[in-house]
Amino acid sequence: MNSATSHRVEQVLLDTASEYEWVAVRDGEFSFLGNLRSLFDGGLEIFVPASAMPISRMGLDGTWFLRGTVRGFPLAMVWNDFRVNGASTGKTVAQTYTAFLTELMHDSRPLLIGVKSMGVRFMEGRTVFPHAFNILPVLNRYRKHHLVITLAHGNALGLGTLIFGMGHYRMAVREESCLNLTGPEVCKMVFGKQVKFEQIASNDIQFKNTGLIHELNDSLDNAFARLPALLAFFSSASGPAASSRMTGHAEVLNRTDAFVAEFCNSFLEVFPHYDERIKAYIGVINGVPFGLLINPPENPNNMIRARSLSLVEDALNLFERLQLPVVSLVDTPGADPRMDGNNRQIIEKLISASQKIIEYPYRKMGIVIGRSYGGASVICFPKFFGVDAVYAVEGAHMGIMHESIITQLLSGSARLTAQWQEVSATQTADLKDFMAGGHLDGVIQRADIRHKIEQHLLARRTPVAIQLNRRITDAPGKLLPTT
């Protein structure tokens, strides 16, 4: 799109936005909002066409446009109301959608899009298509400057799936929910009864086999319970005014959480259960947030697969949107070379993850906490990728392959074995050859990890106050951020 066309589009959207207004949601009004009312604090507003007064559920045409605060954190929301026209997108809904995004273009609050839709409203004829799909370029422009969270809370079909996929952080509920380009009836008509729609499109299957869903929740209530903590840590990157307070953790820590707790004052895992070989967190040290990637410490099965690298890319995309520095803590024997099943794209993923690390625009560092072998060592953020620092914890192992493997490979040649033994003698456990070449900044103790993160990533960044408090109305063991 050239600049003249872009200007015309912006002018049209601004003119359209002037035809809409914000209406305060007062106690006792708009009961059809249901559990969304309890999710938001007071001060909830709804964005409607000026001609749509008085407001009714049918008049909102299956999609609601809201803004307010959740536990004190500003949040904008698009919410599909499936009970009205299957929350399909017609011309009027599409125009309101783009006007809403334009209205919020200069508002820094995150946007949550709750998707449960049949897709485009084909009953309006084929001319609905350009109106409905115009949401995508407007949303794409919006997401370049705002955090977008998407939540599939039911069947998301066609355009709904595409909108869902544009979230920086994509959540879904497990119960009775599917993501697909079309619905079960069309699949049955085209492919026959032998194709079981739920077996190819359920959110469980999508979470397991694709990278479309970042976090899967058992129910919508569980997703809503998770939202305040996500907003707390996502907003912490914006500074003290947007922060919450967070201390401690309610649940017994697993091994990886316990390791992270050694150097973080507080932390939150993102992309939970997405991959078992790499985990992603937002950590906070002395009020300053940062992104964290880590192989589960001392886990023998940390061989990197394509899904692990998808997590690296998606986590870096999220951290970049939040403008966070990043540290990667590595303990892996290398990349899994078996190009089977979901690992067929391991080479492409290793290339694209490397590019993402190289191009990451904020401070980054790597720490080897166990093993770092082969091509998978790129997730350690090596010095030649332009990182700020790389360290190894005492006792760490680094190399092309484990020495026992190389010895076995060369066992058939006395000459090559002799050459390797000569080289191997220079590769001492203290990693001095790496340090002498400028590839490693030093060998540290495990207790030094916090200091090194502070030194290289967090210096001169604005602290935020984060603490987790329990409200008397919360279930036992539930910790929620409060302002």
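From a predicted model like this one, the values you see are computed outputs, not experimental measurements.
- Ring geometry for Phe65 against Tyr97 counts as perpendicular: the plane angle is over 60°, on a 0 to 90° scale with 30° as the lower cut.
- Distance check: Thr150 OG1 to Leu212 CG gives 8.0 Å after rounding to the nearest 0.5 Å.
- Side-chain contact between Ser219 and Val173: absent, with no pair of heavy atoms (C-beta onward) separated by less than 4.5 Å.
- Closest non-hydrogen pair, Cys264 versus Gly283, comes out as SG-CA, 4.0 Å.
- Panel note: side chain Asn343, backbone Arg305; no donor-acceptor pair is recorded below 3.5 Å.
- For His146 (side chain) and Met105 (main-chain N/O), a donor-acceptor pair under 3.5 Å exists by modelled atom type.
- Side-chain contact check for Arg143 versus Asn140: some heavy-atom pair is nearer than 4.5 Å.
- Annotation: side chain of Leu136 is in contact with side chain of Met166 (closest heavy-atom distance under 4.5 Å).
- Results of the ring pair (Phe, Tyr, Trp, His ring centres under 6.0 Å) test with Tyr169 over Phe233, Phe271, Phe319 single out Phe271 as the only residue that passes.
- Contact check for Leu309 versus Ile379: side-chain heavy atoms found under the 4.5 Å cut-off.
- Thr428 and Asp430 are linked by a side-chain donor-acceptor pair at a separation below 3.5 angstrom, with hydrogens and angles left out of the test.
- Taking the six-membered ring where the residue is Trp, Phe259 and Phe263 present perpendicular rings, their angle passing 60° and hence far from 30°.
- A donor and an acceptor atom, one from each side chain of Asp275 and Ser308, are located under 3.5 Å apart.
- Of the possible polar contacts, none joining the Asn302 side chain to the Asn295 backbone as a donor-acceptor pair under 3.5 Å is found.
- More than 12 non-hydrogen atoms from other residues, nucleotides or ligands lie less than 6.0 angstrom from CG of Leu416.
- Taking a cutoff of 4.0 Å between a charged side-chain nitrogen and a carboxylate oxygen, Lys364 and Asp388 do not qualify as a salt bridge.
- No donor-acceptor distance shorter than 3.5 angstrom exists from the side chain of Gln345 to the backbone of Ala306, with no hydrogens or angles considered.
- Using a 4.0 Å cut-off between charged nitrogen and carboxylate oxygen, Glu215 and Arg226 count as a salt-bridge pair.
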### Message
Apply salt bridge (charged side-chain N to carboxylate O under 4.0 Å, His left out) to residues Arg338 and Asp340 and explain how you reach the verdict.
### Response
CA-CA 6 Å; Arg338 295 171 294 179; Asp340 57 358; 5.2 Å; no
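- No donor-acceptor pair closer than 3.5 Å links the side chain of His439 to the backbone N or O of Phe434.
- For the pair Leu159 and Phe133, the minimum side-chain heavy-atom distance is below 4.5 Å.
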- Verdict with supporting geometry, His397 and Tyr373, side-chain contact (heavy atoms from CB on, under 4.5 Å): CA-CA 8 Å; His397 301 276; Tyr373 288 115; 3.2 Å; yes
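- With contacts defined as side-chain heavy-atom distances shorter than 4.5 Å, the pair Leu111/Tyr142 qualifies.
- At least one donor-acceptor pair under 3.5 Å links the side chain of Arg363 to the backbone N or O of Ala459.
- No hydrogens or angles considered: a donor-acceptor pair under 3.5 Å links the side chains of Asn317 and Lys356.
- Between the CD atom in Gln455 and the NE2 atom in His451 there is a gap of 4.5 Å [rounded to 0.5 Å].
- Across Pro228 and Arg71, no two heavy atoms sit closer than the pair CB-CG, 3.8 Å.
- Relative orientation of the Tyr274 and Phe207 rings is perpendicular, given thresholds of 30° and 60° on the angle between their planes.
- Checking side-chain atoms of Ser377 against main-chain N and O of Ser372 turns up no donor-acceptor pair under 3.5 Å.
- Counting only N and O atoms by type, the side chains of Asp257 and Tyr281 include a donor and acceptor under 3.5 Å apart.
- Defined by atom type and a distance below 3.5 Å, a donor-acceptor pair is missing between the side-chain atoms of Asn301 and Glu276.
- The minimum heavy-atom distance linking Leu311 with Ala280 is given by the pair CD1-CB, 4.4 Å.
- Residue Met77 forms a side chain to side chain contact (heavy atoms under 4.5 Å, CB included) with just one option from Leu151, Leu44, Leu112, Ile149, and that option is Leu112.
- The shortest side-chain heavy-atom distance between Ile213 and Met171 does not fall under the 4.5 Å cut-off.
- Shown are Arg255, Arg277, Lys279, Arg371; of these, the salt bridge (charged side-chain N to carboxylate O under 4.0 Å, His left out) with Asp331 is made only by Arg371.
- One distance of note links CG of Leu457 with OH of Tyr362; it measures 14.0 Å at 0.5 Å rounding.
- Judged purely by distance below 3.5 Å, without hydrogens or angles, the side chains of His214 and Arg170 pair a donor atom with an acceptor atom.
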Report the C-alpha distance between Met435 and Val443 in whole Å, list the side-chain angles of each, state the deciding distance to 0.1 Å, and finish with yes or no for side-chain contact (heavy atoms from CB on, under 4.5 Å). CA-CA 9 Å; Met435 287 186 283; Val443 175; 4.1 Å; yes
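- Between the OG atom in Ser117 and the CD1 atom in Ile163 there is a gap of 7.0 Å [rounded to 0.5 Å].
- Residue Asn203 holds its CG atom at 9.5 Å from OG1 of Thr210, rounded to the nearest 0.5 Å.
- With a 6.0 Å radius and a threshold of 12 heavy atoms from other residues, nucleotides or ligands, Glu394 has its CD atom at or below the threshold.
- Across all their heavy atoms, Cys380 and Val390 have their closest contact at SG-CG1, 4.2 Å.
- By the 4.0 Å N-to-carboxylate-O rule, Asp441 lies close enough to Lys383 to be salt-bridged with it.
- A pairwise comparison of heavy atoms in Ser354 and Val378 identifies OG-CG2, 3.7 Å as the closest pair.
- Between the Asn299 side chain and the Pro296 main chain, no donor and acceptor come within less than 3.5 Å of each other.
- Here the closest heavy-atom approach between residue Ile304 and residue Ala376 is recorded as CG1-CB, 3.9 Å.
- The closest donor-acceptor contact from the side chain of Thr89 to the backbone of Ala132 lies at 3.5 Å or more, if one exists at all.
- No donor-acceptor pair under 3.5 Å is formed between the side chain of Ser177 and the backbone N or O of Arg174.
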Residues Ile367, Ile449; criterion side-chain contact (heavy atoms from CB on, under 4.5 Å); working and verdict: CA-CA 8 Å; Ile367 302 176; Ile449 292 176; 4.0 Å; yes
**Message:** Run the side-chain contact (heavy atoms from CB on, under 4.5 Å) test on His168 and Asp314 for me, step by step, so that the C-alpha distance in whole Å, both residues' side-chain angles and the decisive distance to 0.1 Å come before the verdict.
**Reply:** CA-CA 8 Å; His168 296 104; Asp314 286 348; over 6 Å; no
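- How far CG of Leu147 is from CZ of Phe234: 6.0 Å, rounded to the nearest 0.5 Å.
- Side-chain contact annotation: Arg450 with Asn265, donor-acceptor N/O pair under 3.5 Å present.
- Counting heavy atoms from C-beta outward, Phe290 and Val327 have side chains that approach closer than 4.5 Å.
- Legend: residues meeting ring pair (Phe, Tyr, Trp, His ring centres under 6.0 Å) with His153, ordered by chain and number and at least two apart, are Trp79.
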